[in-house]
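Worksheet: the structure to be examined is printed underneath.
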Amino acid sequence: MPQVISSWRALLEQHERFKTGQWCFRGDCCRGEGFKTSLERAAVDRWGRSWSELPEMEKGLLRRFRREAHLYLANEPEEGDLIGWLSIMRHHGAPTRLLDWSYSFFVALFFAIERTEPGEDTSLWALDLGKIWEKVYPMPHLKPYLDRDPNAKRGKTVAALIDHDPPHPLVFRLNPWKMNRRLILQQSVFLVPGDITRSFMENLQAMGDPEEFLVELPLATDRDFLREATRELLSMNMTSSTLFPGLDGFARNLTSLIPFPEMRVVDSEIGLE
C-alpha cells in the first residue's frame, strides 16, 4: 500500500518524479473497484446490461446523438471524427467509453479533492503513456497505422484501435482533432479501451501488470490537508472558474472559498449607497 500524502510539501516531492517521461494524471477514488468509464457505469452497473451488448449500444447512442445534436450545437465535429463526437457526448454528460485524464498533475489533484468529504478515500493517479505506447505500437494490426499516424488523428487509425474486428483489448490515449475550450483549459486527454465488451480495467490488464505503468498517490482527506491543498490550488488559479468556463464554473468555485474569509470579499461595500 503506498504511503498516504498528508502535506503539500510531500505532494510537491512526489510531483518531481513525474517531470521526466510522458505522464497523464487522474483524480479518482477508485481504490477498491478500479477505473470505470461512464458507459460501463451506466450500462452494466446501473442497468445490468451484458457486456456483449455494449458495442451496439454505443453505436445506437452515438447515432441518436449525431442526428439530434445540431439542435443544440453551433459547431459540430467533422463527419469522420469519431473521438470528436464521443468527446462532445462526454462533455455534455452522455455515457461513453472515454475516460478523462489530464496532462497536468495539478488539474488532476483539483479533481481528486474538489468534492471529497473529510475521511473519504481519494487518490491522484499517474499513468506512463510512454510505456503504454511501447505495449501498443508493436501490435501487428496497429503498427502500419501508427507508423504513419502516431498521434492517431486519422479515422482509419482510430478504427484500428477501438473498432477492430475482432475487438482487441488495450488502452490508448486519444483526443479529438478540434479541441474545445474546456479540453484545452483542463489539458485533457482521453484514455480509450479497445474492447468495450470488457471492462476498462480488463483492457488495461491485457497489456501487462498495471504496476508497470500506473502509480497511485493516496491523499489524506482530513480538513487540514484539504484546506492546505485547496488554498495552494487557488493561488495557482486552479479553480472551477478557470477549468469550467462560464457562470456554472464560477458559481461552483464559490464552495472552495468557504474556508477563506479573506477571499470571499474582493472589495469593501462601506460607504456605497
Side-chain angles (χ1 to χ4, degrees), residues 1-38 83 87 90-91 96-116 120-136 151-152 171-176 179-180 182-193 200-201 203-205 207 209-221 225-226 228-230 232-240 242-244 249 256:
M1 177 69 184
Q3 184 175 358
V4 175
I5 296 170
S6 58
S7 72
W8 186 256
R9 180 182 296 276
L11 188 68
L12 293 182
E13 290 174 357
Q14 290 294 324
H15 177 237
E16 289 295 318
R17 67 192 287 194
F18 303 112
K19 288 188 174 181
T20 59
Q22 187 180 9
W23 295 87
C24 65
F25 306 92
R26 178 177 171 85
D28 202 309
C29 56
C30 74
R31 190 172 300 170
E33 59 184 11
F35 304 114
K36 294 186 178 185
T37 68
S38 56
I83 300 302
S87 72
R90 182 76 192 99
H91 177 91
T96 74
R97 71 164 74 196
L98 306 183
L99 192 66
D100 307 77
W101 290 65
S102 174
Y103 288 118
S104 168
F105 181 93
F106 294 104
V107 168
L109 173 65
F110 171 86
F111 286 112
I113 68 169
E114 183 204 14
R115 297 190 176 183
T116 298
E120 288 184 340
D121 288 340
T122 193
S123 294
L124 194 156
W125 297 82
L127 187 82
D128 189 336
L129 292 174
K131 289 187 177 178
I132 292 292
W133 171 266
E134 291 173 3
K135 301 283 186 179
V136 173
N151 292 316
V171 168
F172 198 73
R173 51 109 184 101
L174 292 171
N175 261 345
M179 302 279 281
N180 63 42
R182 186 192 294 186
L183 294 179
I184 294 169
L185 291 171
Q186 296 179 9
Q187 299 182 53
S188 296
V189 59
F190 294 113
L191 293 187
V192 187
F200 183 92
M201 291 305 298
N203 277 266
L204 192 63
Q205 291 159 357
M207 297 190 298
D209 184 351
E211 291 189 3
E212 293 181 46
F213 39 78
L214 186 64
V215 177
E216 180 187 9
L217 303 176
L219 303 175
T221 55
F225 177 74
L226 291 175
E228 181 183 26
T230 299
E232 294 293 340
L233 290 173
L234 284 168
S235 73
M236 298 166 67
N237 204 26
M238 196 72 65
T239 70
S240 294
T242 54
L243 298 176
F244 297 91
S256 66

Salt bridge (charged side-chain N to carboxylate O under 4.0 Å, His left out) against [X], all qualifying residues, sequence neighbours excluded:
X: E212; answer: K135
X: E228; answer: none
X: D128; answer: none
X: R26; answer: D28

Inter- and intrachain pairs under salt bridge (Lys or Arg N to Asp or Glu O under 4.0 Å), touching residues 3-17, at least two apart
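As it turns out, the salt bridge (Lys or Arg N to Asp or Glu O under 4.0 Å) pairs with a partner in residues 3-17, which skip direct neighbours, are E16-K19.
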Would you call the rings of H15 and F106 parallel, tilted or perpendicular if under 30° counts as parallel and over 60° as perpendicular?
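H15 and F106: tilted rings.
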Kindly assign one of parallel, tilted or perpendicular to the pair F105 and F25, based on the angle between their ring planes and the thresholds 30° and 60°.
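Perpendicular: the ring planes of F105 and F25 meet at over 60°.
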Does the side chain of S123 pick up a donor-acceptor pair with the side chain of E216 at under 3.5 Å?
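Yes, a side-chain donor-acceptor pair sits under 3.5 Å.
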Run the side chain to side chain contact (heavy atoms under 4.5 Å, CB included) test on I113 and L233 for me, step by step, so that the C-alpha distance in whole Å, both residues' side-chain angles and the decisive distance to 0.1 Å come before the verdict.
CA-CA 10 Å; I113 68 169; L233 290 173; 3.9 Å; yes
Are any side-chain N or O atoms of [X] and backbone N or O atoms of [Y], one a donor and one an acceptor, separated by less than 3.5 Å?
X: R97; Y: P193; value: yes
X: T122; Y: A112; value: yes
X: T242; Y: N237; value: yes

Hey, does S256 have a side-chain heavy atom less than 4.5 Å from the side chain of L234?
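They are in contact (side-chain heavy atoms under 4.5 Å apart), so the answer is yes.
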I want to check something: taking the side chain as every heavy atom from C-beta on, are W101 and W125 in contact at a cut-off of under 4.5 Å?
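With C-beta onward as the side chain, the pair touches.
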What residues form a side chain to side chain donor-acceptor pair (under 3.5 Å) with T221, not counting sequence neighbours?
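Partners of T221 by the side chain to side chain donor-acceptor pair (under 3.5 Å) criterion come out as none, since no residue qualifies.
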